[in-house]
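All remarks here apply to the structure that follows.
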2 protein chains.
Amino acid sequence: MSEKTMTIREMCDAYDVTPRTLRFYESKELLFPIREGQKRLFTKRDRARLKLILRGKRFGFSLEEIRQLLDLYDMGDQQATQLQRTYEVAQHRLKDMEEQRDELNEAIDDLREQLKWGEQFLADLANQKDAAQ
Amino acid sequence: MSEKTMTIREMCDAYDVTPRTLRFYESKELLFPIREGQKRLFTKRDRARLKLILRGKRFGFSLEEIRQLLDLYDMGDQQATQLQRTYEVAQHRLKDMEEQRDELNEAIDDLREQLKWGEQFLADLANQKDAAQ
DNA sequence: CGTCTTACTTACGTTAACGTCAAGCTGTAT
DNA sequence: ATACAGCTTGACGTTAACGTAAGTAAGACG
């Protein structure tokens, strides 16, 4: 029952992506739908991979990185060494993300300061205007 | 004394940007260095604007947005309405940044979960390997 | 049979913010 | 004079992840 394949449109609806995106992912060797004549048929495996792709994107991995990770997963659960590498890449990514977040927080604080300053300025201007009347 | 102009290289060294960047900003009407023959000479005003540009970039504004903001500032401190708009734009940006940060935090948490899972998996593999010996 | 729907391939377009030549001018130190 | 450093303008290249349009095929339906 879970062996049913899906058409490109069903995939698009199910995962909220465009056909172009799925074809693009195939061209980048992230997905491997089978063919029925011309048409693509996406298998359970493709669906699993797509889920991982979308998750990877949320994590900020590039498609190329995602492809490499997917390949590692595919190489079988036999190679712990490979998995170890995956783990390291992921940890690296985590560090990057934390740095990014910290920078963002700094920028937010910074911008908040500026806004306080701007508020003050606007208030002063308003007073000035009132006084002039 | 503060009226001294700077050459492009001095600017690059002072603000850690490339010549290309400064020329690019000029072409985008963010900076207006004067000319001495061929050469660009950057004034105090340019330096002030560049500082604002770099700050704006830290805040995640696009160069086009920055240009508009700089223009507003230039239109004089007379137009409180304009300043009000600046303020609004900035607040909008702040919201965006906070959203971005929240998403990033979610992703970080998510990734942390995955890593915990991966650690477990690796540990299991190691045990399996040991047991096999 | 005609038409509609869905899909297909190919290939150029998009966006931002510069990078990277190429070719030429200018001032100065040797 | 010449070599060299530093500047100039133009213009094409880069990157990621698709968007978009043109032209075609293939199956379903009435």
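All values derive from a computational prediction rather than experimental measurement. Every chain is numbered from 1 and lettered A, B, ... according to where its sequence line falls, protein lines coming before strand lines. Side chains are part of it too, since the values below use all heavy atoms of this structure and drop only hydrogens, waters and symmetry mates.
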Open item on the list: Nearest to the A:Ile8 side chain among C:dA7, C:dC18, D:dC7, which nucleotide is it?
Closed with: C:dA7
Open item on the list: Between C1' on C:dT6 and CG on A:Asp13, what's the gap in Å once rounded to a whole number?
Closed with: 12 Å
Open item on the list: Can you measure A:Glu36 atom CD to C:dC8 atom P for me and round it to whole angstrom units?
Closed with: 11 Å
Open item on the list: Taking the nucleotide of DNA chain C with the nearest heavy atom to each, does B:Gln38 or B:Ser62 sit closer to the 5' end?
Closed with: B:Ser62
Any [X] side-chain nitrogen or oxygen under 4.0 Å from OP1 or OP2 of [N]:
X: B:Tyr25; N: C:dA17; result: no
X: B:Arg20; N: C:dA17; result: no
X: A:Arg23; N: C:dC8; result: yes
X: A:Arg40; N: C:dA7; result: no
X: A:Lys57; N: D:dC18; result: yes
X: A:Thr18; N: D:dG19; result: yes
X: A:Thr7; N: C:dA7; result: yes

Task: Chi angles and distances behind the salt bridge (Lys or Arg N to Asp or Glu O under 4.0 Å) call for A:Arg20, A:Glu26 - done: CA-CA 10 Å; A:Arg20 178 70 177 100; A:Glu26 184 186 2; over 6 Å; no
